[in-house]
2 protein chains.
Amino acid sequence: MKNTKNDRRSQRTRQLLTTALLELMLEKNYDSITVQDIIDRANVGRSTFYAHYLDKEDLLTSQFEEVGRHLGEVAYQDGYILFPTLKVFQHTQENHHLYKALVWGKGIEVIFKAFEAHLNAHLEAELRHKLGERSSPIPLPIVTHYITGAFLTLLKWWLDNNMPVTPEKMDAYFRQLVTPSIQSALNIEF
Amino acid sequence: MKNTKNDRRSQRTRQLLTTALLELMLEKNYDSITVQDIIDRANVGRSTFYAHYLDKEDLLTSQFEEVGRHLGEVAYQDGYILFPTLKVFQHTQENHHLYKALVWGKGIEVIFKAFEAHLNAHLEAELRHKLGERSSPIPLPIVTHYITGAFLTLLKWWLDNNMPVTPEKMDAYFRQLVTPSIQSALNIEF
DNA sequence: CTACAAATCGAACAAAGTGTTCATTATCGA
DNA sequence: TCGATAATGAACACTTTGTTCGATTTGTAG
């Protein structure tokens with residue numbers, strides 16, 4: 001098939017561009033990175049870049065939205081209530097070079113947005129299920145945003161400070177903080 | 001004094017520029033706003049703009065960092081532990097036109113960063129005071145970031161959704177969620 | 001091996017925006 | 001009215017953007 005051939009070549013080009021952008025984000029501010037920088041680093045022709053992406057922003061988001069979605073899905077592959085936060089902390093530590101680049105640049109915002117959306121959706125569904133017939137005294141979107149907001153802020157803080165404690169400790173701290181809130185707010189045990 | 005005269009003129013010019021930027025942010029994406037747009041709207045000469053600010057970013061941050069600091073200070077003028085969140089919700093609602101512009105643009109990030117720094121610092125100091133000699137089972141920075149992260153996320157969510165509940169209700173929800181956490185985590189009563 | 005189609009290359013281009021310079025004009029206090 | 005300071009805006013060199021297009025490379029089907 002022709003598809004195979006085209007796809008492989010194109011895919012490799014996209015990979016080169018993504019890698020180049022990531023490398024550059026480790027070196028300098030995202031806003032000051034030009035398309036020229038990226039294609040120089042990636043050894044890719046100017047017109048090729050624009051054949052694949054609309055602009056620099058497009059390269060950033062199209063790649064990293066996927067990462068965010070992926071994170072959201074991984075986080076939910078088990079039936080946890082309050083999702084497996086430990087996994088996320090661990091995954092973040094293992095790939096912290098990637099995430100440092102994202103924190104430095106503004107890529108992290110894109111990922112977090114996609115991640116947050118997933119977390120909120122799943123969390124709301126699970127809480128609703130757990131509640132059953134009872135209604136929540138606090139609107140569920142408020143509860144879910146409260147939880148994901150706190151979680152992502154801690155995750156970012158942890159990264160910014162070069163992960164001063166282990167993922168296991170972070171997870172324990174987070175759960176210690178969030179559990180009583182949910183229990184008392186929704187009268188749910190878990 | 002000459003200062004008075006200069007200051008007044010300069011100040012007025014800066015005001016014009018800030019207002020123009022705010023208006024423009026209501027109309028279109030921050031990144032697509034040019035310096036030309038701003039000075040046209042403000043009826044200010046090009047060179048005047050650059051006499052006051054380094055670039056567009058500088059205009060944004062120098063003005064809005066102040067807003068963030070101001071918010072942080074206002075929030076602490078009473079001796080609350082867990083700062084007067086209600087006031088912040090109310091203030092946000094009263095000035096929601098301003099904040100909508102900021103949410104739409106990316107100005108909100110700048111403000112939140114400055115605001116968050118203040119909240120964290122004050123919160124940590126107060127919690128430490130409240131703890132006295134006892135040491136916290138959870139590192140205080142983690143507690144404070146947990147709280148401010150959750151708070152700012154809820155504040156943003158509330159704005160994004162056009163403030164579907166009253167400031168009083170938001171405040172009550174937030175406190176209901178966060179109070180048990182802190183009590184159980186730090187053994188503090190308040 | 002050859003032929004072919006798809007992907008890449010890179011030079012050239014117009015367009016837009018940036019930040020600076022400087023001679024000129026407006027403003028306001030003394 | 002004078003003088004200092006601020007604002008003006010045209011002109012400038014420079015950077016970046018996104019597009020076009022003919023030449024070139026690459027991988028595969030036959």
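Treat the numbers as computed from the prediction; the structure is a model and nothing was measured. Each chain gets a letter, A, B and so on, in the order its sequence line appears, and its residues count up from 1.
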Which nucleotide, D:dA7, D:dT8, D:dT17, lies nearest any side-chain atom of B:Val44?
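Of the options given, the side chain of B:Val44 lies nearest D:dT8.
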Residue A:Ser10, side-chain atoms from C-beta onward, closest of C:dT8, D:dG18, D:dT28
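Closest of the options to the side chain of A:Ser10: C:dT8.
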Determine, step by step, whether B:Ile147 and B:Phe174 satisfy the side chain to side chain contact (heavy atoms under 4.5 Å, CB included) criterion, reporting the C-alpha distance in whole Å, the side-chain angles of both residues, the deciding distance to 0.1 Å, and the verdict.
CA-CA 10 Å; B:Ile147 297 172; B:Phe174 172 70; 4.1 Å; yes
Spacing between [X] atom [atom1] and [N] atom [atom2], to the nearest angstrom:
X       : N      : atom1 : atom2 : result
B:Gln11 : D:dA6  : CD    : C1'   : 14 Å
A:Lys56 : D:dT17 : NZ    : C1'   : 11 Å
A:Phe49 : D:dT17 : CZ    : P     : 9 Å
B:Leu16 : D:dA6  : CG    : P     : 16 Å
A:Asp31 : D:dT17 : CG    : P     : 11 Å
B:Arg8  : C:dG29 : CZ    : P     : 6 Å
A:Glu57 : D:dT16 : CD    : C1'   : 16 Å
A:Tyr53 : C:dT8  : OH    : P     : 11 Å

So, B:Gln15 and B:Thr19: side-chain donor and acceptor under 3.5 Å apart, yes or no?
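Yes, a side-chain donor-acceptor pair sits under 3.5 Å.
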List the residues meeting side-chain hydrogen bond (donor to acceptor under 3.5 Å, both in side chains) with A:Arg14, not counting sequence neighbours, and say none if there are none.
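Applying side-chain hydrogen bond (donor to acceptor under 3.5 Å, both in side chains) to A:Arg14 gives A:His52.
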Would you sort out whether A:Lys169 and B:Ile142 count as a side chain to side chain contact (heavy atoms under 4.5 Å, CB included), showing the intermediate values?
CA-CA 11 Å; A:Lys169 269 209 180 315; B:Ile142 291 181; over 6 Å; no
Could you tell me whether A:Lys130 and A:Glu126 make a salt bridge, using a distance below 4.0 angstrom between a side-chain N and a carboxylate O?
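No, no charged N to carboxylate O under 4.0 Å.
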Does a side-chain N-to-carboxylate-O contact under 4.0 Å join A:Asp37 and A:Arg41?
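Salt bridge flag = no for A:Arg41 with A:Asp37.
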Under 4.0 Å between a side-chain N/O of [X] and OP1 or OP2 of [N], yes or no?
X       : N     : result
A:Arg12 : C:dT8 : no
B:His52 : D:dA7 : yes
B:Thr48 : D:dT8 : yes

B:Lys56 atom NZ: more than 12 heavy-atom contacts under 6.0 Å:
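Yes, enclosed.
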Measure all distances between protein nitrogen or oxygen atoms and nitrogen or oxygen atoms of nucleotides 19-25 of chain D, and list the pairs falling under 3.5 Å.
none

Are the side chains of B:Leu17 and B:Leu21 in touch, meaning some heavy atoms are under 4.5 Å apart?
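Counting from C-beta outward, B:Leu17 and B:Leu21 never come under 4.5 Å.
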Approximate separation, where rounding is to 0.5 Å, of B:His145 NE2 and A:Tyr173 OH:
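Rounded to the nearest 0.5 Å, the NE2-OH separation comes to 15.5 Å.
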Strand-adjacent residues in residues 35-43 of chain B, judged by heavy atoms under 4.0 Å from DNA chain D
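The answer is B:Asn43.
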